Engineer: 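Handing you this structure, nothing more for now.
All values below come from the heavy atoms of this structure, side chains included, with hydrogens, waters and symmetry mates left out. Everything quoted here is computed from the prediction, not taken from an experiment.
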Amino acid sequence: MGTATLVASVANYGLNLVLARWLEPAEFGDANLVVTLLLAITAVAVTLQLVAAKRISDAEGDVATVRVPLVRRAWWTGMALAVIGVAGAPVVRELTSSASAVPYVVLALGLPWYLAQSVERGVLQGCLRFGALASTLLVEAAVRLIGALTLVAAGAGVVGASAGISLSFLASWAIARAAVGRPADDAPRVEQRRWSTQDRDATQAASLLLLGQILINNGDVVLAKILLDADSAGVHAVVALVGRAIFFLSWSVVTAAFPMVGDDVGRSIERRATRIVAAVSAVVTGGIAVAAPTVTPLVLGDGYEQAARLFLPYALATSLFSVANVRASLAAARGERRPGALLIAGGIVQALVLALFATDLISMSWLQVVAMATLLAVVTVERRTAHQSRRAVVTG
């Protein structure tokens with residue numbers, strides 16, 4: 001799973017680098033905003049995936065009673081979001097001074113398949129079928145890379161990049177659906193299992209967690225698009241690619257650990273996952289510190305000279321957040337809502353700090369380091385307190 005996530009991240013990262021090279025900074029800012037809006041919808045998609053995974057792991061092999069209602073909810077929610085996205089595209093274009101609303105419409109049309117695939121992935125995750133789950137990630141990355149680059153090379157520009165993303169949703173949904181398998185024609189009709197208090201707690205915890213992730217991972221990109229000129233926002237969008245690569249590498253660890261977290265083994269799994277994420281983030285950040293000054297002008301060209309000095313602080317900020325996030329995510333697997341609420345508070349504070357005190361690209365990056373270091377400290381104290389309280393209850 002980690003290998004597939006790495007390959008998919010490299011493919012997505014390569015796509016963004018090529019787009020940054022082919023498009024002007026202002027155009028790339030528009031393309032990156034499409035991706036940012038997609039990641040905002042990820043709060044819904046990953047909530048469905050994590051809830052499906054957790055319910056499947058608790059269902060003792062009764063997959064159909066969990067999967068059927070969640071798939072139905074995913075399709076209806078996706079269609080509702082598609083309608084909202086199409087209707088709101090002109091508003092987004094006006095607010096962000098984008099060149100066209102069409103890319104946002106194209107992205108919105110792919111959302112029903114995006115949410116449906118998240119449930120199918122959750123089923124695979126809950127059954128611990130990480131090989132099949134990994135294949136959906138690889139197919140999605142491959143179709144996105146080939147489709148987007150082909151369409152952009154043909155002259156479709158930002159619209160082509162958006163179309164490549166939507167096509168990747170259809171392809172990965174088809175692979176995930178085939179991997180889960182269809183019930184036999186003569187299979188009895190399943191009764192939907194009613195949601196328990198534990199199910200509701202897990203859903204609420206995952207929703208809070210993912211909303212916090214969206215605010216932190218994408219809030220700065222949106223603020224840069226609104227507060228800075230188009231070229232500066234495009235440079236910031238390129239720098240943010242590093243953060244997304246680090247975060248998605250850490251997310252593979254959460255994906256593997258989430259279904260297995262329970263009261264008996266949760267502490268051990270959390271320690272191990274935290275160490276892995278910290279180690280991976282440190283290696284990537286160190287590599288960026290060494291390579292960024294030399295590699296940036298060679299890879300990105302003359303339009304992104306400012307980016308070289310921004311990569312290190314942005315990677316450091318994302319690494320700090322990734323460690324805080326893995327601890328909060330595994331707490332959410334047990335239905336704990338407080339860590340997710342802390343991420344939301346961290347996202348709001350980060351946005352306020354950037355809006356009030358950031359004066360240029362470099363100050364924006366270092367302010368994020370301060371904000372994420374503070375968030376990690378707060379989450380660490382909260383988790384330590386929670387574990388001590390749980391131990392006291394068990395001992396008592």
Engineer: Under 4.5 Å between any side-chain heavy atoms of Pro339 and Arg383, yes or no?
Structural biologist: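 Side-chain contact under 4.5 Å: yes.
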Engineer: Look at the rings of Tyr314 and His236 and say which category their plane angle falls in: under 30° parallel, 30 to 60° tilted, over 60° perpendicular.
Structural biologist: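 Answer is perpendicular, since the angle exceeds 60°.
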Engineer: Is there a continuous path of hydrophobic side-chain contacts, each under 4.5 Å between heavy atoms, that joins Val283 to Ile246?
Structural biologist: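 No.
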Engineer: Show the nearest heavy-atom pair for residues Ala108 and Val86, with the distance to one decimal.
Structural biologist: CB-N, 3.9 Å
Engineer: Test side-chain contact (heavy atoms from CB on, under 4.5 Å) on Leu149 and Ile146 and set out the steps.
Structural biologist: CA-CA 5 Å; Leu149 290 183; Ile146 296 171; over 6 Å; no
Engineer: Under 4.5 Å between any side-chain heavy atoms of Arg121 and Arg129, yes or no?
Structural biologist: no
Engineer: Please examine the side chains of Ile165 and Leu107, heavy atoms only from C-beta on, and report whether any two atoms are closer than 4.5 Å.
Structural biologist: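 A side-chain contact exists here, since the closest heavy-atom pair is under 4.5 Å.
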Engineer: With no hydrogens and no angle check, do the side chains of Thr285 and Ser319 hold a donor and an acceptor under 3.5 Å apart?
Structural biologist: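 Yes, side-chain donor-acceptor contact under 3.5 Å.
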Engineer: I need the minimum non-hydrogen distance between Asn325 and Leu209, along with the two atoms involved.
Structural biologist: OD1-CD1, 4.0 Å
Engineer: Which distance, rounded to the nearest 0.5 Å, do you find between the OG of Ser172 and the CH2 of Trp113?
Structural biologist: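 Here the interatomic distance stands at 12.0 Å.
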Engineer: What heavy-atom pair brings Val369 and Leu320 nearest, and what distance separates the two atoms?
Structural biologist: O-CD1, 3.8 Å
Engineer: Would you check if Gln213 and Ser329 make a side-chain contact, meaning some heavy-atom pair closer than 4.5 Å?
Structural biologist: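 The answer is yes; the side chains approach within 4.5 Å.
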Engineer: Testing the 3.5 Å rule here: is there a donor-acceptor pair between the side chains of Asp220 and Gln350?
Structural biologist: no
Engineer: Can you check side-chain contact (heavy atoms from CB on, under 4.5 Å) on Phe169 and Arg144, steps first, answer last?
Structural biologist: CA-CA 9 Å; Phe169 297 157; Arg144 183 174 301 171; 3.5 Å; yes
Engineer: Quick check: is Val222 connected to Met364 through a chain of hydrophobic side chains (ILVMFWY, heavy atoms under 4.5 Å apart)?
Structural biologist: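 They do share one cluster, since a chain of ILVMFWY contacts under 4.5 Å joins Met364 to Val222.
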Engineer: Minimum heavy-atom separation for Ser365 to Leu310, with atom names?
Structural biologist: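 Answer, listing the atom of Ser365 first, then Leu310: OG-CD2, 3.9 Å.
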Engineer: Does a sphere of radius 6.0 Å around CH2 in Trp76 hold more than 12 heavy atoms from other residues, nucleotides or ligands, not counting ones at 6.0 Å or beyond?
Structural biologist: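 It does not: Trp76 CH2 has 12 such atoms or fewer within range.
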Engineer: Would you mind reporting whether Leu115 and Trp75 have side-chain heavy atoms less than 4.5 Å apart?
Structural biologist: no
Engineer: Using side-chain contact (heavy atoms from CB on, under 4.5 Å), reason through Val381 and Arg384 one step at a time and then give a plain yes or no.
Structural biologist: CA-CA 5 Å; Val381 170; Arg384 186 172 299 164; 5.8 Å; no
Engineer: Can you give me the closest heavy-atom contact between Ala82 and Leu111, atom names plus distance?
Structural biologist: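 Scanning both residues, the minimum pair turns out to be N-CD1, 4.3 Å.
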Engineer: Verify the distance criterion only: is there a donor paired with an acceptor across the side chains of Asp360 and Ser363 at less than 3.5 Å?
Structural biologist: yes
Engineer: Salt-bridge test for Arg327 and Glu382: reply yes if a basic N is under 4.0 Å from a carboxylate O, no otherwise.
Structural biologist: no
Engineer: Linking I/L/V/M/F/W/Y whenever their side-chain heavy atoms sit closer than 4.5 Å, directly or via other members, would Val326 and Leu342 fall into one cluster?
Structural biologist: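 Hydrophobic grouping puts Val326 with Leu342.
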Engineer: What distance do Thr136 atom OG1 and Gln125 atom CD have between them, rounded to the nearest 0.5 Å?
Structural biologist: 10.0 Å
Engineer: I need the minimum non-hydrogen distance between Gly347 and Leu215, along with the two atoms involved.
Structural biologist: CA-CB, 4.0 Å
Engineer: When rounded to the nearest 0.5 angstrom, what distance separates CD1 in Ile175 from OG in Ser135?
Structural biologist: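 So the gap between those two atoms works out to 6.5 Å.
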Engineer: Would you say the side chain of Gln117 lies within less than 4.5 Å of the side chain of Gln49, judging by non-hydrogen atoms?
Structural biologist: no
Engineer: Does any non-hydrogen side-chain atom of Phe321 lie less than 4.5 Å from one of Leu343?
Structural biologist: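 Yes, side chains in contact.
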Engineer: Indicate, with yes or no, if Val143 and Leu145 share a hydrophobic cluster defined by side-chain heavy-atom contacts under 4.5 Å among Ile, Leu, Val, Met, Phe, Trp and Tyr.
Structural biologist: no
Engineer: Taking the side chain as everything from C-beta on, heavy atoms only, tell me whether Glu140 gets closer than 4.5 Å to Trp173.
Structural biologist: no
Engineer: From Thr359 OG1 over to Leu354 CG, what is the distance, rounded to the nearest 0.5 angstrom?
Structural biologist: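 Reported to 0.5 Å precision, the distance equals 11.0 Å.
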Engineer: For the side chain of Ser166 and the backbone of Val106, is there at least one donor-acceptor N/O pair under 3.5 Å apart?
Structural biologist: yes
Engineer: What's the spacing between Leu352 CG and Leu356 CG if we round to 0.5 Å?
Structural biologist: 6.0 Å
Engineer: I'd like to know if Val239 and Phe247 are part of one continuous hydrophobic network [Ile/Leu/Val/Met/Phe/Trp/Tyr, side-chain heavy atoms within less than 4.5 Å].
Structural biologist: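 They do share one cluster, since a chain of ILVMFWY contacts under 4.5 Å joins Phe247 to Val239.
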